[in-house]
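Per chain, numbering begins at 1; letters A, B, ... match sequence-line order. Everything numeric here is computed off the predicted structure, so don't read it as measured data.
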Amino acid sequence: MMNKVFIGLAVIGIPISVIGALMHWPSVFMFIVYCVTIIALASIIGRATESLAIVMGPRIGGLLNATFGNAVELMISIFSLKAGLISIVLASLTGSVIGNLLLVGGLSFFIGGLKFKRQKFNIHDSRLNAGLLIFSVIVAFVIPEVFSDTMTNHETMILSIGASIILILLYIATLLFKLVTHRGVFQNSEEGGETKGAEETPEWGKWTAVIILAIATITVAYVSENLVHTFNAVGEAFGFSELFIGVIIVAIVGNAAEHASAVIMAYKDKMNVAVEIAVGSTLQVAMFVAPILVLLSLLFATNMPLVFTWPELISMITAVFLLIIISIDGESNWFEGLALLSAYLIMGIGFYLL
Amino acid sequence: MMNKVFIGLAVIGIPISVIGALMHWPSVFMFIVYCVTIIALASIIGRATESLAIVMGPRIGGLLNATFGNAVELMISIFSLKAGLISIVLASLTGSVIGNLLLVGGLSFFIGGLKFKRQKFNIHDSRLNAGLLIFSVIVAFVIPEVFSDTMTNHETMILSIGASIILILLYIATLLFKLVTHRGVFQNSEEGGETKGAEETPEWGKWTAVIILAIATITVAYVSENLVHTFNAVGEAFGFSELFIGVIIVAIVGNAAEHASAVIMAYKDKMNVAVEIAVGSTLQVAMFVAPILVLLSLLFATNMPLVFTWPELISMITAVFLLIIISIDGESNWFEGLALLSAYLIMGIGFYLL
Amino acid sequence: MMNKVFIGLAVIGIPISVIGALMHWPSVFMFIVYCVTIIALASIIGRATESLAIVMGPRIGGLLNATFGNAVELMISIFSLKAGLISIVLASLTGSVIGNLLLVGGLSFFIGGLKFKRQKFNIHDSRLNAGLLIFSVIVAFVIPEVFSDTMTNHETMILSIGASIILILLYIATLLFKLVTHRGVFQNSEEGGETKGAEETPEWGKWTAVIILAIATITVAYVSENLVHTFNAVGEAFGFSELFIGVIIVAIVGNAAEHASAVIMAYKDKMNVAVEIAVGSTLQVAMFVAPILVLLSLLFATNMPLVFTWPELISMITAVFLLIIISIDGESNWFEGLALLSAYLIMGIGFYLL
């Protein structure tokens, strides 16, 4: 049902995006068209990835999810980088981190908690995720920020590149750890109903999925490039700062499809999946997308250091601490969801006013 | 026994406060009189609230405790606000947070731990409290501070108001969570002896308690207003900074009665109550008193943003981390109490020297 | 085997150190000779301390370990203080903290984890250590730093002295807690094989150990003083900053012997010992060596406040959070070790570039 809506939106949105871009229709209108189209395409990319993942088995499936799970964000960010909009890229990375942790996590816990008094999820996963969140956000993001104060731009860039390479290598090691050496630990879910596996049938066949994935990704790239060029006009029209557009709007558009599926999973009491979407996406952004973008920026005119503004960094740090303390016991309830949402709201007001 | 002492002190202290204020007796002497009187009245307010709470049942009782538990602090702060002493208000809020966590918590753990090798308390409460401490101090206090660096005063005030409203709403949600939707979780105390309930008889009848509460609260208001006007003279006489008066002295006076009862509870091995007083009071201050004062300040000439000085904020943050790591396992011993007290001492020296 | 190598290195290194110092051989060469000699002597001091600890029983043994465990670092630091190289002392303290937590801890978890899928260690110890790390690094190091911003040098020094005395007293209380009042808790190790005790025979007799300890300590003092005077030349020759020499090189040399034994213990699955070396050494440095140096500096021309640079402080803080979140569950695996090592590497690059 929902899936058909997204396909419909894509079918309508793509031609309007193309025509509107050629005809130079008003930026604010086109901004909305692009956003809707991207959300619809992201949903289709998600389904194609999932189908492929089932066909290819959990290991390659995990890799596919890790790569295509943030394809949309990556696209928007690459075109922003190309346009030299570094502060928007960093802002949208921040937005993905706090959006996934606080908004997606919060909505999942809250909506799920309205139906179920307590919801449990894998405590081993929570602990591993907590460690990785501390590693990426508290160590790998904070160190370049603090050290860059007394560094030249060149030194800051070298440190950023070093931290990025280490983040990517550790992210690969995470996959190795979860999918190979310690696989049992993370699959023996206590809730038997959640295990994906033999009985699951993919929505699309292998080649259908590959073709859909390819077309949708290329289209997302095209629409994303157009979207980036409307930021300026939209900011002026609504009085939004670049920071607000990046942290709140781009992040919500880029992650809308994931948001929806996390909440649906929470409502079905499949909390392991919901938490994996919320925290897993955050880790993908922090340990894979962000460092990849730092490295890719070396190909463009303006290099992007791994140095956020203080409001961005502090928002991510406090979001990480709040999520960890709330999820480390492997249980959630509506109140914990509300606390996460409240934190997101406070940050949202802050970024709006900045 | 102790109760009679407090009533005696109040009976002596109130007339001296009135006469001394009218006769303009020396500020330093009157400062001491006011402090003693307030401590005595706070104890009486505490007893009246408790009696009412028993009569009215746990739900309304919880609300009463939440409101009158910090009546004294609220009074002192409101009159300080009226006098434009914003930095003293923020300092006394800081003092309440670190005083409750480190001094009350520390004394309870230490004194209790001298008698008992290990003391246990409700681990669900500890986790919920940890989450709320992170939310209020780490998120809601830190975000306005960090964001305000690049904001105008007007924008800072809007963010402060937003954060305050969210804090109060989440505080109300906490009561709903603890007293309504998840009540069982927090009442099934493992130590049966601690359950308040049917067999408990109130010290005073309903109307006696209401009248005592009303009179004591009004008197506290009067004495608090006088107290506020001695700060300047006392600071000069002893070489104390406004910050030190606010963080250490006002906070100790405003919380003395609670301090005493927490330690007594710890000594009786009723650790759930002791922890609830220490951490519960902190949360009341952070999630209710502080935001209420921000909103009330809109009625006065000088608005108070939710922006602490860095030493204040860092003291609260580090106090929160220390308390969480020490209490999250639901156990305490003398050494953990000593560590909390040591942290308080370091901060006290710091505020004295500032 | 390894022990004989160290004795051989000491026997060769000491005369070369003496002759080279008298003959003014090239600084870079002598720097290497001093480093090797110190590593060898540190290993011998470690063995002598261990022998004495077995003979004298666990209580005095614990005290001996606490004192001589960091004899080398103390020596290097005292001679650096005497030479007025305060920034190198603070840097080497930082280096000891992050080196012990991330490099030693990381190597132990990683190497041990390659052999064993999961390794367990005492969870009570982990929790106590977590509390002490938060107390020393997050409270006692952060407060002087933040407060000193608006303090005179004199006030900063008073606060540093106060914090140092409190750190030392709490460190003594830790020994009391672990060795006297709560001894059972920390000895009932779940892994029976680890208990030191009756069956263990000391390598050296009491007086042999005392004499070896005395000679090795005096020799280390002599070599350390020489080492300190090569820092300047080595820094210039390799383009290392003082900070990098202090944080990375001095810290590795000063702790090399401990590093080796921690990793060997991890490889033998004696994780309690490995963790005790990594975290225990950190706590000795933070709660004993650092404050002792602050107090000793009062005897020298230049007083040393307990105020690190921001990059140093943030490195220690983030290392503490990462180690706590990784070790608080009382389990380790190769991946957790790799995360700690990755964090060390990022910080190392940062300090190199500063």
Side-chain angles (χ1 to χ4, degrees), chain B residues 98 101-102 105-106 109-110 113-119 123 126 138 145 239 241 243-244 247 308-354, chain C residues 123-124 126-152 154-178 180-185 287 291 306 313 317 320-321 324-325 328:
Chain B
I98 66 171
L101 292 181
L102 301 180
F109 287 3
F110 184 69
L114 291 182
K115 199 169 165 199
F116 303 94
K117 189 164 183 179
R118 278 195 213 179
Q119 297 186 291
I123 202 164
S126 295
I138 314 285
E145 171 94 31
S241 65
L243 210 56
F244 185 75
V247 175
F308 296 86
T309 64
W310 274 109
E312 290 169 340
L313 189 62
I314 296 291
S315 298
M316 289 191 280
I317 293 173
T318 56
V320 163
F321 279 123
L322 188 60
L323 186 103
I324 287 179
I325 203 78
I326 277 180
S327 67
I328 198 82
D329 61 353
E331 281 185 21
S332 70
N333 54 55
W334 68 264
F335 180 77
E336 295 183 341
L338 194 62
L340 293 172
L341 292 172
S342 302
Y344 188 72
L345 195 55
I346 292 177
M347 292 175 194
I349 297 172
F351 283 111
Y352 179 79
L353 292 168
L354 266 188
Chain C
I123 203 164
H124 290 290
S126 294
R127 284 174 183 166
L128 177 66
N129 285 339
L132 291 171
L133 285 172
I134 297 268
F135 176 79
S136 52
V137 175
I138 314 286
V139 176
F141 287 3
V142 169
I143 295 296
E145 172 94 30
V146 173
F147 281 58
S148 69
D149 267 4
T150 48
M151 277 182 174
T152 64
H154 181 66
E155 289 167 343
T156 302
M157 204 57 218
I158 293 174
L159 178 54
S160 300
I161 294 168
S164 298
I165 292 171
I166 294 168
L167 274 167
I168 294 170
L169 293 177
L170 197 68
Y171 185 65
I172 294 170
T174 316
L175 299 180
L176 191 71
F177 178 75
K178 289 180 80 162
V180 184
T181 75
H182 286 62
R183 207 176 141 194
V185 182
M287 301 186 72
L306 197 60
L313 191 61
I317 293 172
V320 162
F321 279 122
I324 287 179
I325 203 78
I328 198 82

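Note on C/I166, C/L169, C/L159, C/V139: by heavy-atom pairs under 4.5 Å with chain B, the leading option is C/I166. Between chain C and the options B/A319, B/S342, B/S315, heavy-atom pairs under 4.5 Å are most frequent for B/S342. Among the candidates C/T150, C/T174, C/V142, C/L176, the residue making the largest number of heavy-atom pairs closer than 4.5 Å to chain B is C/T174. Highest contact tally toward chain C, considering only B/I325, B/I328, B/L345, is held by B/I325 [criterion: heavy-atom pairs under 4.5 Å].
For C/I165, no part lies under 4.5 angstrom from a heavy atom of chain B. Only the side chain of C/I324 comes within contact range of chain B, judged by heavy atoms closer than 4.5 Å. For a residue to count as touching a neighbouring chain, one of its non-hydrogen atoms must lie under 4.5 Å from one of that chain's; by this rule C/I138 touches chain B with backbone and side chain alike.
Side-chain contact check for B/E312 and B/T309: at least one donor-acceptor pair (N or O, by modelled atom type) lies under 3.5 Å.
No side-chain heavy atom of C/K178 sits under 4.5 Å from any side-chain heavy atom of B/F335.
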- Determine, stepwise, if the pair B/W310 / C/F147 fulfils ring pair (Phe, Tyr, Trp, His ring centres under 6.0 Å). CA-CA 8 Å; B/W310 274 109; C/F147 281 58; over 10 Å; no
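Proximity of the aromatic rings of B/F244 and B/Y352 is defined here by a centroid distance below 6.0 angstrom, and this criterion is met.
Annotation: the span from B/I317 atom CD1 to B/I98 atom CD1 amounts to 12.5 Å, rounded to 0.5 Å.
Around atom CZ of B/F116, more than 12 heavy atoms belonging to other residues, nucleotides or ligands sit under 6.0 Å away.
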